[in-house]
Each structure stands twice: as structure tokens, then as C-alpha cells.
Number of protein chains: 2
Amino acid sequence: MSLALQDAGMTDDIGTRLKLVRQIFGLTQRELARRAGVTNGAISLIEQNRVSPSISSLKKILDGIPLSLADFFTLNFSPSDDVFFTADELPKITHQPEISWRLVGRKTKGRALGMLQEVYQPGADTGDTMLRHEGEECGIVVSGSITVTVGVQEKTLNPGDAYYFKSDIPHRFRNLGDEPCVLISANSPPTF
Amino acid sequence: MSLALQDAGMTDDIGTRLKLVRQIFGLTQRELARRAGVTNGAISLIEQNRVSPSISSLKKILDGIPLSLADFFTLNFSPSDDVFFTADELPKITHQPEISWRLVGRKTKGRALGMLQEVYQPGADTGDTMLRHEGEECGIVVSGSITVTVGVQEKTLNPGDAYYFKSDIPHRFRNLGDEPCVLISANSPPTF
DNA sequence: CCTTTGCGTTTAGAATTTTCAACAATTTAA
DNA sequence: TTAAATTGTTGAAAATTCTAAACGCAAAGG
């Protein structure tokens, strides 16, 4: 099981690749399908490699994560030491050019925690549609400042400040300052 | 015309992207179709964005170039000064992990020359199927050594050594040494 | 214990892509 | 200048993907 996951990392196998990414982001097939505007059946078939999706479908699906096509094919899950990670081993993810993430650890399956280093360039804005379906998440600002909206609350966080909320509350991150903001976040979705 | 090519660089537009890559490699729709094992009609439709290809089709097509899916989506044709290029501006191409290329200049359309920096890791082998359909090409070794086969001739080239041949003769590059080989090559296909 | 809920899977039919073969336009060669 | 060859495009049929609606299974709650 964990072997299969490791193997699948480098593969061209689109189905396994999609499944891994989906699970890393803590989404069910149905939830991703809803966000992407496709049916859950389509995602199921793709993940089983019973069909080879069209670019347009795959793009729609990845937009629901969100993840660019380039990142999807570039993402590297290749095995490494399970405990220590050098900076350049952390898989990089960029959807909008202004926002980039780095995953801390890869084998999220079977783990309780996911961790990200997130970089928001000045002007970056996640929009308010990024609701995750279950679990909780928290983070602490390392440098720069970031304006976080959670439900009806909003606050601009500076280095050392932090947040913690249930993921099913709509939330939004905006960098209204003029320098990049780096923060470390963690999430604990039971769906992992 | 040249404007369209510049614009197309950054785009998600798969059709234009494929067309650009195909032209950079000096291939016709039919020739690429033959190598890829698809029909020329399919490539035509894709390049016009009248259909959105399946991943399996796109992969087959890119294998005929050859170019990986990751590189295809990562390749950056974005505009820059037309005369000077810094190292990191040169679009990187990797098909096999052991072989990587960097294009010198992007706007090959309308130019007579294409130039590549090529890196062959120890053990790298292009195989003998890489025949380009017309034109001539030449190169000079910068570091390491490379064994080149052209038709019935074969020679191991060391730094400073060079080659020059008609592209329609079957040719093959192999790094039989134990250090990476860097070479600069140029080609002049009339098909550009 | 039973019901409910949520998960991934499956199947038939609708929608889309791909092939095959022909076409028009351009280039090459005679 | 004409004939032959080559290129990209197009239309109808074949093949594949996607949807919509079900299914089986497991976990959670009453």
C-alpha cells in the first residue's frame, strides 16, 4: 500500500497521479467533481486509468484543486528519507503566479497532518471560494503580512501572528502589503 | 505574425503550443503524425483548438517529437530581448532524464538557424531513430565526450571536436564516458 | 439493530475525439 | 507552364470519453 504510493510518484500514470494529488489536498472524488464542474464518475474512471481524460477535462479538474497542468505533470513524489527533507526536495506548487506552496512531506496518506510553506506575492488573493470540506487548519506568519478572512472575521497578520479555524468555514488570504508574505500552515483533514 | 508567436508563448492554448513546438523541431503535421502513430487530421484539429486531445493522444504525439508532458506544459516561449538571452531564459527541454536541451532563441519561424545546448549524462543514448527529414546540422563538444554515429561512420568526439552532416542520414548520440557531455549544436532545416 | 449518510464504482446513452479518405492550396521539378 | 508532390484542412464513420443515475459497501448515529 505505502509501497504502491511511493512507486506511483514518478510515474506517467495519470490516474494514480491525480488520485495522489486529490488525496494530498484532502478532497473526495465527489467534492472535487463539484468544484471542477465534472461528474464524480469521470474522476473515478480517470483514477482507475479506464479512460485517458481530455486536456480540457483534466484542466477543469485541476482548476478545482487548484493546480496548473504544468505543476501536475512536474510534481515529483519520488521517495526520499521519510524524516528529513531538504528545501529543494519539497515539491513546489504554483497555481496563480502570485501564490506558491511547498509541501512538507509527501506521504500524506496514513498521516494525520499536512504541512505547507506558502508564499503570497504582493496583490495575491485566493478569492473566497476556497472552502475545504472537513477538518481544521492553522498557520503562522514567518515574514511579510497577510490579510485573512474567516467567515465574518478578518485580520491582518504580521510575523509571529497565527490563525486556526475549521476548514468548512469559507476563508480567504490576501496580501495587501508590498512585500511577499511567507507563512507555514498545517491542516488535519480526517479524509487523509 | 511574429506577434502571434510571441503572444502564444505563455498561453494555455494547447493547439498553438503544439504547433510552436512542432515547428521548432522542424516537423510537418504528417511527419509528426507518422512518428507518433496518429493521423495528420488529428494533429490539424488539435492545433486549431477544434478538439481537446486526450492525454493519451497528446502523449503519443509528444513522444514523436520527442518531448515529455511535463516539458510541454512547462516550456516558456515568453518574449524577451530578441538579441541577448541569459542562461535561465533559455527554455529547457528534457525527454529522457539523461538528455536535456536548451533552445538558443525562440522565434525560429522565419529564421534560418536553430541552436541548442545539449547535455548528455553518462549512459545517455538517443537511439538510432532520430532522423530529421531535411536540412543539415552540426555541433561542437564543449566538455565531456560523446560517441556519434552518422550512417556507417562512428567517432567519439572530445572537447573541441565537431560534426557536420545532412539531417536525413540516420544518426545517434551516445555518452559512453563517465562524465556528462555538453555540446552546442546548430541546425538549418528549410522547413523552419 | 436498523437507518442514514457518504464513499468509490459501474453501466447505458450522450457528447466528444480520432480515423479514414478526400479536398484545396502551395511548392517542387520537369 | 504544367505535372507531381507535399502541406494543411475537412466531412462522415468509428472509437473513446463524459454524464446521469444507479449500485454496493462501509462508517456513523439514532
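Here is how names work: the chains are called A, B, and so on, in the same order as the sequence lines, proteins then strands, and each is numbered from 1.
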**Study point:** Nucleotide nearest B:Leu45 (side chain, heavy atoms from C-beta), chosen from C:dT9, C:dT18, D:dC18
**Key:** C:dT18
Review point. How many Å lie between CD1 on B:Ile46 and P on C:dT16, as a whole number?
Key: 16 Å
Practice item. Indicate, with a heavy-atom threshold strictly under 4.0 Å, whether A:Ser52 touches base, sugar-phosphate, or nothing. Key: sugar-phosphate
Check your understanding: With a 4.0 Å cut-off on heavy atoms, is A:Gln48 in touch with a base, just the backbone sugar-phosphate, or nothing at all?
Key -> sugar-phosphate
Review point. In whole angstroms, how far is the C1' atom of D:dT16 from the CD1 atom of A:Ile55?
Key: 15 Å
Study note, to complete from the structure: Of the listed D:dG8, D:dT19, C:dT9, the closest approach to the A:Val38 side chain comes from D:dT19
Check the interface with nucleotides 20-23 of chain D: list each N/O to N/O pair with the protein under 3.5 Å, or write none.
none

Practice item. Pick base, sugar-phosphate or nothing for B:Ser44, based on heavy-atom distances below 4.0 Å to the nucleic acid. Key: base
Exercise for review: Quickly work out the A:Glu47 CD to D:dT17 P distance and round it to whole Å.
Suggested key: 16 Å
Revision key, fill the gap. Taken in chain and number order and not counting sequence neighbours, the residues that satisfy side chain to side chain donor-acceptor pair (under 3.5 Å) with A:Glu179 are none
Practice item. Name all residues meeting the side chain to side chain contact (heavy atoms under 4.5 Å, CB included) criterion together with B:Thr147; count only those two or more places apart in sequence or in a different chain, and write none if there are none. Key: B:Glu154, B:Thr156, B:Arg174, B:Leu176
Review point. Starting at the 5' end of DNA chain D and moving along, which residue's nearest nucleotide shows up first, A:Val51 or B:Gln29?
Key: B:Gln29
Check your understanding: Given side chains that start at C-beta, do those of B:Arg35 and B:Leu27 come closer than 4.5 Å, heavy atoms only?
Key -> yes
Exercise for review: Starting at atom CG of B:Leu18, determine the distance to atom P of C:dT17, rounded to an integer number of angstrom.
Suggested key: 15 Å
Revision key, fill the gap. A:Glu31 atom CD is separated from C:dG6 atom P, nearest whole Å, by 12 Å
Review point. Counting any heavy atom closer than 4.0 Å, what does A:Ile43 reach on the DNA or RNA strands: base, sugar-phosphate only, or nothing?
Key: nothing
